[in-house]
Amino acid sequence: MEIFNSMTRKKEPFVPIREGKVGIYACGPTVYNYFHIGNARPFIIFDVLRRYLEHRGYEVTFVQNFTDIDDRMIQQARQDGTTVQAVAERFIKEYEIDARALGIRPATVHPRATEHIPQIIAMIRKLMDKGLAYESNGDVYYRVKAFPSYGCLCGQNLGDLDCGARVSVDEQKEDPLDFALWKAQKPGEPAWESPWGLGRPGWHIECSAMSTTYLGEHFDIHGGGKDLLFPHHENEIAQTSGATGQPYVNYWMHNGFINIDNEKMSKSKGNFFTVRDIGKEYDLQAVRMFMLSAHYRSPINFGREMIQQAASSLERLSIAKDQLAFLMASAQEREPDEGEAAFMAACDQARAHFYDAMDDDLNTADALSAIFDLARDIHKLPLTPASRKAIAYGQETFSALTGVLGLLEGREEEISPEVQAMVQERAQARKDKNWKRSDELRDAIKALGYILEDTPAGQKVRKGQ
RNA sequence: GGUGCCAUAGCCAAGCGGUAAGGCGAAGGUCUGCAAAACCUUUAUUCCCCGGUUCAAAUCCGGGUGGCACCUCCA
């Protein structure tokens with residue numbers, strides 16, 4: 001597999017540090033609110049990466065943090081007249097609800113910043129011992145100019161950053177580029193004991209502390225949104241490599257942004273959508289499909305039409321899956337005939353195409369086309385009783401591939417007995433050529449949320465509108 | 001000022017040196033009591049423009065044009 005490494009800006013063959021094992025850290029949400037569609041992209045992308053690596057036989061440790069202490073958390077708590085902790089508890093639960101609906105599996109570990117204060121303090125101490133950090137009135141800052149390779153990730157050198165000159169000037173700092181590792185407590189803020197007095201961790205240090213706690217000081221893949229490249233990930237490298245004296249991460253992966261009307265989504269512009277709100281109108285599986293329909297590094301434009309297109313595409317896949325189940329119901333124990341053997345070969349071909357695409361820096365758009373090709377082959381299977389072996393092979397392939405993308409999961413709702421009875425009655429009505437009754441029943445079934453179709457092999461019912 | 005990214009049909013989107021995947025939509029056909037789904041056919045002689053390299057370029061190089069992002073909290 002090849003992965004585009006933001007550090008080198010090239011696709012590189014993926015070689016894990018320890019054979020057969022992969023450690024991945026992805027920056028998770030700050031749990032001060034519902035997460036938005038833009039946040040959802042990395043969650044979905046890295047969920048797919050994790051699923052794919054597992055599918056290919058790696059033992060994956062996937063860590064995604066919850067940032068449960070920062071300015072926004074404090075602000076939200078004030079606004080709600082509650083504690084930071086209560087805000088965190090609430091929105092972690094809300095995260096889990098939306099994540100599940102998007103088909104995002106829970107990570108191996110979801111560490112929380114506030115539960116890793118000792119590790120954070122230990123790392124800051126190490127940095128101070130090495131002269132890479134200094135205290136100033138209860139704050140602790142990173143001494144950026146003491147870390148020569150600073151800027152290696154974002155491709156800026158220190159001089160250029162200086163030129164940027166939009167870095168805040170702060171009397172407390174030795175240099176405008178320096179960033180906070182520890183912030184002294186301000187009135188009314190939650191705080192923890194530290195060698196520098198009461199305070200809380202700065203912005204970037206939590207990810208360094210938590211990632212190394214669970215994945216070791218040097219691990220395989222670190223991911224996040226493109227905007228995190230600088231300064232967040234740049235600072236993580238400075239902190240971690242600075243403290244440990246060794247490389248931090250082998251592969252940096254950054255996903256592109258989601259735009260609204262070709263503009264960056266941002267709170268200040270008010271053009272953002274929470275996943276919770278979108279879920280009120282659309283099946284969130286369609287949102288997942290939408291995300292996977294383009295390469296993860298490209299920017300994508302979010303809009304109503306896009307979601308509808310994704311929903312239609314997904315429907316096509318869903319119907320193919322139903323079709324296999326339908327064929328299975330009448331399948332026979334016999335060897336595949338010539339056509340079925342060709343179908344099985346097509347399954348292998350689809351799988352190979354899928355793997356090629358995924359191996360190419362997670363090209364989900366191309367991988368999807370392999371699944372669509374397979375869907376077409378499924379629909380071409382005759383409705384005459386099929387070989388169980390061939391259909392099982394198709395099901396296995398189809399569910400493996402859609403499973404890697406996390407699509408079409410949790411959709412096997414039982415058809416209620418009530419609907420089944422109506423389907424039975426309709427079969428009789430059709431036999432009697434009682435079209436009026438037959439159509440009434442079909443409408444009634446539709447009203448209950450099912451689509452009923454007549455096929456040469458009988459009636460077929462599926463969930464849908 | 002510095003650093004990057006992108007431009008492919010009505011829409012979305014792969015392809016990144018060998019002669020345009022896939023999806024959505026649309027049109028016609030087949031099937032069907034009707035419908036739905038599905039299948040078949042059609043829907044880019046051409047990949048923003050201009051040069052260049054090459055037997056061969058959407059793909060490489062140079063120059064334009066037009067979008068976007070980062071350098072500040074942000075997925």
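Sequence lines set the chain letters: A, B, ... in the order given, protein chains first and strands last, and positions in each chain run from 1.
A/Asp439 comes within contact range of at least one nucleobase, with a heavy-atom separation under 4.0 Å. Residue-level contact check: A/Asn301 touches neither bases nor backbone, having no heavy atom under 4.0 Å from any strand. No engagement by A/Phe290 is indicated, since no non-hydrogen atom pair under 4.0 Å with the nucleic acid exists. Note on A/Glu453: a base of the nucleic acid sits closer than 4.0 angstrom, heavy atoms only. Here A/Gly38 lies in heavy-atom contact (under 4.0 Å) with a base. In this structure, A/His295 reaches the sugar-phosphate backbone alone: every heavy-atom distance under 4.0 Å involves primed, P, OP1 or OP2 atoms, never a base. Contact annotation for A/Leu368: no contact, since no heavy-atom pair falls under 4.0 Å across all strands.
Whole-Å rounding puts the A/Lys460 NZ to B/U32 P distance at 17 Å. If you take CG of A/Asp454 and C1' of B/C31, they are 12 Å apart, rounded to a whole angstrom. Protein atom CD of A/Gln459 is 13 Å distant from nucleotide atom C1' of B/U32, rounded to whole Å. Following rounding to the nearest Å, A/Leu292 (CG) and B/A13 (C1') show an atom-to-atom distance of 13 Å. Atom pair A/Arg304:CZ and B/C24:P shows a separation of 20 Å (rounding to whole Å applied). When rounded to the nearest whole Å, the span between NZ of A/Lys264 and C1' of B/C6 equals 17 Å.
Every residue two or more places apart in sequence or in another chain was checked for a salt bridge (charged side-chain N to carboxylate O under 4.0 Å, His left out) with A/Lys93, and none qualifies.
Applying a 4.0 Å cut-off to non-hydrogen atoms, none of the residues of residues 90-97 of chain A approaches RNA chain B.
Spacing between B/A58 and B/U19 at atom P, rounded to whole Å, works out to 11 Å. Comparing the same atom, C1', in B/C74 and in B/U59 gives a spacing of 35 Å after rounding to whole Å.
The aromatic ring centroids of A/Tyr214 and A/His116 lie less than 6.0 Å from each other. Here the two rings, on A/Tyr251 and A/His222, have centers that are 6.0 Å apart or farther. Taking the centre of each ring, A/Phe43 and A/Tyr95 come in below the 6.0 Å mark. Proximity of the aromatic rings of A/Phe290 and A/Phe302 is defined here by a centroid distance below 6.0 angstrom, and this criterion is met.
Regarding contacts with the backbone of B/G4, every side-chain N or O of A/Lys226 stays at 4.0 angstrom or more from both OP1 and OP2. Using a 4.0 Å cut-off, some side-chain N or O of A/Ser298 falls inside it from OP1 or OP2 of B/A14. Taking only side-chain nitrogens and oxygens, A/Arg316 comes nearer than 4.0 Å to OP1 or OP2 of B/A38. At least one side-chain nitrogen or oxygen of A/Arg376 sits closer than 4.0 Å to the OP1 or OP2 atom of B/G23.
Interface remark: the A/Asp366 side chain does not form any donor-acceptor pair with the B/G15 base, using a distance-only criterion of under 3.5 Å.
Using a cut-off of 4.0 Å between Lys/Arg side-chain N and Asp/Glu carboxylate O, A/Glu315 and A/Lys321 are scored as not salt-bridged.
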Watson-Crick and G-U pairing of RNA chain B, under 3.5 Å, as dot-bracket with | and [ ]
(((((((..(((.....[...)))((((((.......))))))....(((((..]....))))))))))))....
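In this structure, A/Arg426 and A/Ile258 both approach RNA chain B, and ranking their closest nucleotides by distance from the 5' end singles out A/Arg426.
Side-chain atoms of A/Asp139 and A/Ser136 include no donor-acceptor pair closer than 3.5 Å.
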